[in-house]
Amino acid sequence: DNQAPTITCPANISVNATSGSCSAIVTYTAPVGTDNCAGATTTQTLGLASGATFPVGVTTNTFRVTDASGATATCSFTVTVVDNQAPTITCPTNISVNATTGTCSAVVSYTAPVGTDNCAGATTTQTLGLASGATFPVGVTTNTFRVTDASGATATCSFAVTVSDNQAPTITCPANISVNAT
C-alpha cells in the first residue's frame, strides 16, 4: 500500500463567548480519514473535542489518519472564541461635604470602584479627579474611573465630590475712637 490516506477538516470556526462566560461550547463534525485499504484510524492530536468548552482565544484542532501500513495524513482547523462582552463598573453616588473649619477644602474618603468582566485580567484606573483620602478643594470635583478588559474593551463611570464653603467670613473693626473737636 503506497497510497497515503486522506483527511479533510472542517472550515475554521469563530463564535462569541457565552454571555457572562469567558468561553463557549463549540460543536463541529470531527473529520474521518479515508484510505484505499481498510484499517485506517483517525485520532485527534491537538485541541478540544466537539462539544467541549473552548476558552476565549484561538484553539487549533489537529487530526491524524493512519492507514494499516503506517502512512499518515493530517489536517487542522481553528476555533476562535471572541470576547465581545464589555466590562462593567459602578461608581459610588455623588458626595457632598462642608469645608473643614478654617480651610477652603475637605478630606474626602470613598470606596474606589473596581470593574468586572466575564474574563480575568480586567484593570481599573482613575482617569480624572482625586484619590480617596485626598484633600478636595471647595467646588465640584469629578472623579472618573475606567475598566479595561483583556481584549481591550472599556467601560467608565463618574461621580462628583462637592465641597461647600459654609463658613461665613469674619471681619474685625478697630476699637472705638474718641477725640476732642479741633
Find the distance between [atom1] ([X]) and [atom2] ([Y]) and round it off to the nearest 0.5 Å.
X: Q85; Y: S21; atom1: CD; atom2: OG; value: 7.5 Å
X: Q3; Y: S69; atom1: CD; atom2: OG; value: 9.5 Å
X: R146; Y: T124; atom1: CZ; atom2: OG1; value: 11.0 Å

- S132 (side chain) donor-acceptor with S109 (main chain) under 3.5 angstrom: no
- Taking T59 for its side chain and G47 for its backbone only, find out whether a donor-acceptor pair lies under 3.5 Å.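 Answer holds: no.
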Shortest non-hydrogen separation from [X] to [Y] and the atoms involved:
X: T62; Y: S76; value: OG1-OG, 2.7 Å
X: A73; Y: P5; value: CB-O, 3.2 Å
X: S105; Y: T135; value: OG-CG2, 3.3 Å
X: C9; Y: P31; value: SG-CG, 3.8 Å
X: T100; Y: Q167; value: O-NE2, 2.9 Å
X: A24; Y: A17; value: CB-CA, 4.3 Å

- Item | Chi angles and distances behind the side-chain contact (heavy atoms from CB on, under 4.5 Å) call for V108, I95 | CA-CA 9 Å; V108 177; I95 299 170; 4.1 Å; yes
- Side-chain contact, heavy-atom cut-off 4.5 Å: D1 with N36? yes
- For residues D149 and D83, determine if any side-chain heavy atom of one lies less than 4.5 Å from a side-chain heavy atom of the other. yes
- Item | Whichever hydrophobic residues join V26 through chains of side-chain contacts under 4.5 Å |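 Besides V26, the hydrophobic cluster comprises I7, I13, V15, Y28, L48, F54, V56, F63, V65, F77, V79, V81, listed by chain and residue number.
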- Is it the case that N61 and Q44 place a side-chain donor and acceptor less than 3.5 Å from each other? yes
- With a 3.5 Å cut-off and no angle check, do the side chains of T41 and T66 form a donor-acceptor pair?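 The criterion, which ignores hydrogens and geometry beyond distance, is not satisfied for T66 and T41.
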- Query: Stepwise, does the side-chain contact (heavy atoms from CB on, under 4.5 Å) test hold for T80 with N12?
  - Reply: CA-CA 8 Å; T80 303; N12 293 337; over 6 Å; no
- Can you sort out the partners of T18 under side chain to side chain donor-acceptor pair (under 3.5 Å), two or more places apart, ordered by chain and number?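 Here no residue qualifies.
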